[in-house]
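Protein chains get the first letters and strands the later ones, always in sequence-line order, with residue 1 at the start of each.
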2 protein chains.
Amino acid sequence: MSPSPRADRHPGSAPVGAGPAVDAWESLLRSQVAVWRLLQADDVWDSVGVHEYDVLHTLHRTADDRARIRDLHREVLLSQPSLSRLVERMAEAGLVAREPDPGDRRGTVVVLTDAGDRARRRVGARHAESIRRVVGTSLDERELRALRILCDKLRAGATDPGRVSPG
Amino acid sequence: MSPSPRADRHPGSAPVGAGPAVDAWESLLRSQVAVWRLLQADDVWDSVGVHEYDVLHTLHRTADDRARIRDLHREVLLSQPSLSRLVERMAEAGLVAREPDPGDRRGTVVVLTDAGDRARRRVGARHAESIRRVVGTSLDERELRALRILCDKLRAGATDPGRVSPG
DNA sequence: CGGAGGTTCATGCGTTTGCATGGACTTCTC
DNA sequence: GAGAAGTCCATGCAAACGCATGAACCTCCG
């Protein structure tokens, strides 16, 4: 039954620093985990889950408070079926409304309701406060700006359709 | 039935830039989502889930390939019960071994097995390749270093126990 | 026009997650 | 030392997730 534990100390494994790209990504990931933990615990999410808020926030950022499920899917880290059901639940709760896309009858347009926007604003205010306390106290303003620029660039590169498989 | 959609365009809501801290965090989060999507899709995770690999990698980073569940919990973004069961499944799969902590009989020590380390190395090599392609092509070496330093600092601030609730 | 192929969303189903809780143990306090 | 308080891990259970798939629709091309 019991599997044998490793015998020797890593013999031919990679050193700690596995290149600048890997190091940077790992650091980004770990910091994201650490901050996220605090934000989730600290904030009062008021019966609005994190994913729900993400949807509300994403809708708000659009020009007219509405978006196709497909577009939401690009922003929210959730599988398409999960997002579909999340929207369904949010519609039942009155946070959003679902209507067919007149221009593409496959599509479902998700619209922010008044209740949804109230919830977004209420949670958003406290959430922003939380972020300022956690993130804003670790880095000064110049560093924050630099971090934002780097992440924007990283995101642009990762969203770029000119991404090819290594062939 | 149908909830009324929002009537007016956001009247008194916050402008796009909600402060440097919020902007930076949002950018970090979005870039993380974008990159993560590619890494998950692109890589061959070889029946080893992302969380599983995270545990294997975290164990490998320790001095002796072993760690308490409590310590793993600090690194992996997963609730304690979920992590507990994840470790249970990984033990059944032979990737890790569980043994009681001689120094603290409440504790469970998770040990990396040979099979687990093989899996880690196999997946890790391809995963690192993937990271270099996605992250390493978006930023140059100087930017990568800067990003790492900023994220390290951010993480240190978020891990710092001197974090107090606003009251 | 018509069919092949791609896109978009929803549903069935098994797995995984988180919350609440309990049991076992340690540490703190007097 | 004994009891109170805290820590650490596991389990019951409902909710949520992802994968595979299907139905409806759009688009491209002969």
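Rounded to an integer number of Å, the gap from Leu83(A) CG to dA10(C) C1' is 12 Å. Taking atom CZ on Arg105(A) and atom C1' on dA10(C), their separation rounds to 17 Å, with Å as the unit. Straight-line distance from the CD atom of Glu92(A) to the P atom of dA10(C): 12 Å, rounded to whole Å. Gln80(A) places its CD atom 14 Å from the C1' atom of dA24(D), with the value rounded to the nearest Å. Between Glu99(A) atom CD and dC9(C) atom C1' there is a gap of 16 Å when expressed in whole angstrom units. The interatomic distance linking Glu52(B) (CD) with dG18(D) (P) rounds to 15 Å, in whole Å. Atom pair Asp104(B):CG and dC9(D):C1' shows a separation of 10 Å (rounding to whole Å applied). As a whole-Å value, the separation of Arg68(A) CZ from dC25(D) C1' is 10 Å.
Distances shorter than 4.0 Å separate none of the side-chain N or O atoms of Ser84(A) from OP1 or OP2 on dC9(C). Between Arg98(B) and the phosphate of dA10(D), there is a side-chain N or O to OP1/OP2 separation shorter than 4.0 Å.
Residues His57(A) and Glu26(B) have side chains that bring a donor and an acceptor to within less than 3.5 angstrom of each other.
Contacts of Ser79(A) with the nucleic acid, taken as non-hydrogen atoms under 4.0 Å apart, include base atoms. Residue Thr108(B) is in sugar-phosphate contact alone, with no base atom involved, counting any heavy-atom pair closer than 4.0 Å across all strands shown.
Leu144(A) and Ile149(B) are not part of a single hydrophobic cluster, where members link through side-chain heavy atoms under 4.5 Å apart.
The shortest distance between side-chain heavy atoms of Trp36(B) and Leu29(A) falls below 4.5 Å.
Here the side chain of Arg106(A) is nearest to one of dC25(D), dC8(D), dA10(C), namely dC25(D). Of the candidates dT11(D), dC8(D), dT16(C), dC8(D) carries the atom nearest the Arg70(B) side chain, counting heavy atoms from C-beta on. Comparing dC25(D), dA10(D), dG18(D) by their nearest atom to the side chain of Pro81(B) picks out dA10(D). Minimum atom distance to the side chain of Glu88(B) is reached by dT11(D), of the listed dT11(D), dG18(D), dT17(C). In this structure, of dG18(C), dC17(D), dA10(D), it is dC17(D) that holds the atom nearest to the side chain of Arg89(A).
Under the 4.0 Å criterion applied to side-chain N and carboxylate O atoms, Arg68(A) and Asp71(A) are not assigned as salt-bridge partners.
Across Arg148(A), Arg132(A), Gln32(A), a single residue satisfies side-chain contact (heavy atoms from CB on, under 4.5 Å) together with Trp25(B), and that is Gln32(A).
Residue side chain Arg85(A) reaches the base of dG18(D) through a donor-acceptor N/O pair under 3.5 Å, judged by distance alone.
For the pair Leu86(A) and Pro102(A), nearest-nucleotide mapping onto DNA chain D gives the more 5' position to Leu86(A).
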